[in-house]
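These notes concern the structure reproduced below.
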There are 2 protein chains.
Amino acid sequence: MKVSIKLADLTTDGILSAACPSRIVLDHVTSKWGVLVLVALSEQSLRWGELRRMVEGVSEKMLAQTLKVLEQDGFVLRVAQPTIPPRVDYSLTDRGRELTDRLLPLMEWITANAGEILA
Amino acid sequence: MKVSIKLADLTTDGILSAACPSRIVLDHVTSKWGVLVLVALSEQSLRWGELRRMVEGVSEKMLAQTLKVLEQDGFVLRVAQPTIPPRVDYSLTDRGRELTDRLLPLMEWITANAGEILA
DNA sequence: CCGCATCCGTCACGATACTG
DNA sequence: CAGTATCGTGACGGATGCGG
């Protein structure tokens with residue numbers, strides 16, 4: 001895997017330019033429910049219904065949509081059991097793990113400081 | 001400054017519950033333009049017009065709205081010079097710096113991997 | 001019973017014009 | 001230069017219903 005050594009200068013050639021592909025991925029990750037789904041999956045693999053219940057307030061439609069995008073981006077792995085009743089498990093891929101490794105510190109900080117911020 | 005980072009269990013009492021105040025802050029930070037404005041300001045203080053040009057694609061309305069929210073949350077400091085023509089500088093507060101410290105690694109990773117992800 | 005698709009309302013967003 | 005006001009559109013999101 002190619003890991004560019006240069007810490008890209010985000011302010012010049014990166015995310016700030018409208019045409020930059022990272023804008024797309026950014027929108028996926030920072031979508032209303034994307035972050036929460038990733039956080040939920042960061043601890044353990046979960047079934048559809050479990051996700052639905054853990055991520056409070058998400059509608060079925062949005063959960064499905066969010067999961068589809070995250071799966072397409074290769075962050076989430078979907079494993080469907082062809083049983084009756086059906087069972088589908090969602091888990092993080094290695095790439096998804098890399099992402100949440102960077103995401104969780106941010107979330108923890110926000111959670112810890114939210115009270116003070118809104119005060 | 002309080003930096004006790006209790007690794008809050010995000011999956012039980014945190015961001016996943018609908019009533020959690022961190023949901024509000026999360027929405028502010030991950031708003032369509034919030035992240036990009038924070039990244040732009042992470043390198044240097046900027047004037048209104050500079051921000052408008054750096055964050056490509058942002059409309060005046062959205063920039064104003066985003067800045068207002070970020071200022072209310074205490075992430076961004078607004079300094080207006082009562083001159084003609086007017087001059088307004090925006091910069092990160094200490095709290096905003098704490099936030100971007102956690103945000104930038106995420107952004108760098110996304111920028112570096114976006115190509116591969118969308119492929 | 002679990003997962004997904006379709007319909008439809010709402011509001012966030014962008015374009016434009018205007019003010020201090 | 002730095003915003004504010006108004007309006008039209010389109011995407012997002014919730015409720016409902018179907019398929020396996």
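Proteins get letters first, then strands, A, B, ... in listed order; numbering begins at 1 in each.
F75(B) is listed as a side-chain neighbour of V25(B), based on a closest heavy-atom distance under 4.5 Å.
Toward the 5' end of DNA chain D, the nearer of the two residues G57(A) and P85(A), judged by each one's closest nucleotide, is G57(A).
Between L67(B) atom CG and dG3(D) atom C1' there is a gap of 11 Å when expressed in whole angstrom units. Summarising the geometry, the separation between CG on D27(A) and C1' on dA11(D) is reported as 13 Å, rounded to the nearest angstrom. Protein atom OH of Y90(A) is 10 Å distant from nucleotide atom C1' of dC2(C), rounded to whole Å. Distance, I84(B) CD1 to dG20(C) P: 12 Å, rounded to whole Å. Between the CE atom of M62(A) and the P atom of dT10(C) there is a distance of 17 Å, rounded to whole Å. Per the geometry, CD belonging to Q65(B) stands 9 Å off P belonging to dG14(C), to the nearest Å. Between R87(A) atom CZ and dG3(C) atom P the separation is 9 Å, expressed in whole Å. As rounded to whole Å, 14 Å separates atom P of dG14(D) from atom CD of E56(A).
Checked by atom type and distance alone, the side chain of R95(B) never pairs as donor or acceptor with a backbone atom of V76(B) at under 3.5 Å. No donor-acceptor distance shorter than 3.5 angstrom exists from the side chain of E116(B) to the backbone of N113(B), with no hydrogens or angles considered.
Comparing dG14(C), dC2(C), dC13(C) by their nearest atom to the side chain of S59(B) picks out dG14(C). Considering only the side chain of E60(A), dC4(C) comes nearest among dC4(C), dA15(C), dC2(C). Picking from dG14(C), dC2(C), dC4(C) the nucleotide with the shortest atom distance to the side chain of K61(B) gives dG14(C). Listed candidates were dG13(D), dG3(D), dT16(D). Nearest to the side chain of K32(A) is dG13(D). Checked against dC13(C), dA17(C), dG3(C), the side chain of V88(A) finds its nearest nucleotide in dG3(C). Listed nucleotides dT4(D), dC7(C), dC1(D) differ in distance to K68(B); the shortest reach to its side chain belongs to dT4(D). Residue R78(B) places its side chain closer to dG3(D) than to any other of dG3(D), dT6(D), dC4(C). Closest contact between the side chain of R47(A) and the listed nucleotides dC2(C), dC7(C), dC1(D) involves dC2(C).
Across all non-hydrogen atoms, the minimal contact from T100(B) to P105(B) is O-CD, 4.3 Å.
With W48(A) as the fixed residue, the side chain to side chain contact (heavy atoms under 4.5 Å, CB included) test singles out one of R87(A), R53(A), E60(A): E60(A).
OP1 or OP2 of dG3(C) lies within a sub-4.0 Å distance of a side-chain N or O belonging to W48(A).
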